[in-house]
Every structure is written in structure tokens, then in C-alpha cells.
Amino acid sequence: MAGHSKWKNIQGRKNAQDSKRAKVFQKLAKEIFVAAKAGADISTNAALRLVVDKAKAVNMPNDNIKRAIDKASGNTAGEHYDEITYEGYGPGGIAVLVHTLTDNRNRTSTNVRVAFNKNGGSLGETGSVAYMFDRKGYIVIERADLEVDEDTFMLEAIEAGADDVETSEEAFEVYTEASAFTDVKDALSEAGYAFVTAELSMIPQVSNDIPEGKKEQFERMIDALEDDDDVQEVYTNAVGY
């Protein structure tokens, strides 16, 4: 997994997203609603547990979380969202996956296409870039105030079931198979580690540099996609993303 480290970029983008906290909560509420349709008990609904943990990690109020779960429990015939993943290329041929939850496919398709086309990108066919990514667990633990060295932590993570660990001065980045993510996360939590990020993600098999002169255009495209109410996650194989 060497070369895939993306924590510094996440830090920068997280600061930007913090200024859009209301929109982040709105998107998470939608994700909780969808997961809770399969059952409102987080002890038996693994998908709901993951998204609730994700919401708590960004300090989403418990009342907001409960409201979304209660809404799903009482919504037997009304609100419905389709999960659609769009695939395409950004400026310079960077591969991009856009995961959406939408109640209007036409609106979402149009908005995603416009975000690509206006910023030097293009949508592709289903399967055109998905093969470049693997579904993985991704956990970030900041090293500030941690009294553990790299070798010791790496051994703990591998014994917990992790596939790989990337280390830097600021953080440990842990990668797992999707099926092992919850077990690894629980083991590290029980060992006393706190997570900055703990999620299932699409990790690129190979990362590519954004071509010189294309970075600003690429970031405009990503910002336009992430700002869309129907877009839940954007994944790319750009270095640092």
C-alpha cells in the first residue's frame, strides 16, 4: 500500500468541510436513514453501526442521529433513495468514483455530469474506473501524545487483522480488508486508540500525480461534486486523495 498515504490531504479537506457542517450532517442523516431501513438496532445492523460511528466522529449531535433512525423506522412507504455510483476521469485522466444517494436519478446524473464537464473531466461507462480501486477499511490514528513506537503499533495492528500500516510523524494509517474492518477497529479501540477517521473506503491500487497546471481545475471539480446534496463520497486515484 506504500505511496497511498492521504492523511495530509484529508486534514486540509476536513478543515474546509468543517465550514459546511450543516451539509455534512444532512448527508450523514440520509446515509443513516438508508442504513436504518434494514433495522434500527446498531447491535444487529453492522451497516448502521458503521455510519453512526462515522457521524459521531464528526460530532453529529445524538439527537440528529436518533431522528434519522426514527424516521427510517416509521417510514414504510414514503421516502426512498437509490444508491448510484458514477465513474469518470478528472483533468489529466485522474480516475474518479462518485457515490450518491438520490431520490431523483435525472437530477443527480445531470449535476454530476455538469461538474465533470465544466472542469475538464468526463463521465465514463460503468466499470470504466472501478477496477482501479479496492474496497478497504481505512483507519487514522493521530500520533500526538501516543506513547508507542512504529514497530510496536504495527505489530498490534497486524495482530488485530490489518493488512498494512503507513506511518508518518503525524499519524498511523491502517488499511484492512473490508470484511475485517469492524474486527480491527474494535480491537484497536479496546487497546485504547482513538480514531480521527475510521471508515470503509475505495482505495486506489495505484495513485497518480495530478498533471502540472491541472490541480486547481481538478480541485474545482471535486469541490463541485462534494457540494452536491446527492453526493455522499468522492474517491480518486490522485496522489494525496
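When a residue number appears, it is its place in the shown sequence, counting from 1. Keep in mind that this is a model prediction, so the values were computed, not measured.
- With respect to E216 and R220, a salt bridge is recorded, a charged nitrogen being found less than 4.0 Å from a carboxylate O.
- Taking both residues in full, the closest heavy atoms of Y131 and Q205 are given as O-NE2, 3.0 Å, listed atom of the first, atom of the second, then distance.
- For the atom pair L188 CG and D183 CG, the distance stands at 11.0 Å (nearest 0.5 Å).
- Defined by atom type and a distance below 3.5 Å, a donor-acceptor pair is missing between the side-chain atoms of E166 and Y175.
- G39 approaches L48 most closely through the heavy-atom pair O-CD2, 3.4 Å.
- The existence of a salt bridge linking D229 and K30 is excluded, since no basic side-chain nitrogen approaches an acidic carboxylate oxygen closer than 4.0 Å.
- Looking at every heavy atom in both residues, N45 comes nearest to A36 through ND2-CA, 4.3 Å.
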Using the side-chain contact (heavy atoms from CB on, under 4.5 Å) rule, take L225 and V98 through it: C-alpha gap first, then chi angles, then the decisive distance, then the call. CA-CA 8 Å; L225 289 168; V98 184; 3.9 Å; yes
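- Taking a cutoff of 4.0 Å between a charged side-chain nitrogen and a carboxylate oxygen, R143 and E150 qualify as a salt bridge.
- No path of Ile, Leu, Val, Met, Phe, Trp and Tyr side chains, each step under 4.5 Å between heavy atoms, connects V140 with F195, placing them in separate hydrophobic clusters.
- Side-chain N/O atoms of S43 and D41 include a donor and acceptor closer than 3.5 Å.
- The one candidate from N64, D63, D70 that meets the side chain to side chain donor-acceptor pair (under 3.5 Å) condition with R67 is N64.
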Y235 and F133: CA distance, side-chain angles, deciding distance, ring pair (Phe, Tyr, Trp, His ring centres under 6.0 Å) verdict: CA-CA 9 Å; Y235 306 104; F133 296 80; 7.2 Å; no
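- No more than 12 heavy atoms of other residues, nucleotides or ligands sit less than 6.0 Å from atom NZ of K66.
- In summary, the side chains of S189 and D186 do not present any donor paired with an acceptor at a separation below 3.5 Å, with no hydrogens or angles considered.
- Taking CD1 of I42 as the reference point, atom CD1 of I69 lies at 7.0 Å (rounded to 0.5 Å).
- Salt bridge annotation for E199-R135: absent, with no cationic side-chain nitrogen under 4.0 angstrom from a carboxylate oxygen.
- A donor-acceptor pair under 3.5 Å links the side-chain atoms of E87 to the main chain of S128, judged by distance alone.
- Of all non-hydrogen atoms in M132 and A95, the two that sit nearest each other are SD-CB, 3.7 Å.
- From E226, atom CD reaches atom CD of E219 across 10.5 Å, with rounding to the nearest 0.5 Å.
- Residues P61 and F25 come closest through the heavy atom pair CD-CE1, 3.6 Å.
- With F153 as the fixed residue, the side chain to side chain contact (heavy atoms under 4.5 Å, CB included) test singles out one of T167, I141, I158: I141.
- Note that OG1 of T100 and CD of Q232 are 8.0 Å apart. Values are rounded to the nearest 0.5 Å.
- Nearest approach of N119 to A224, heavy atoms of both residues: ND2-CB, 4.5 Å.
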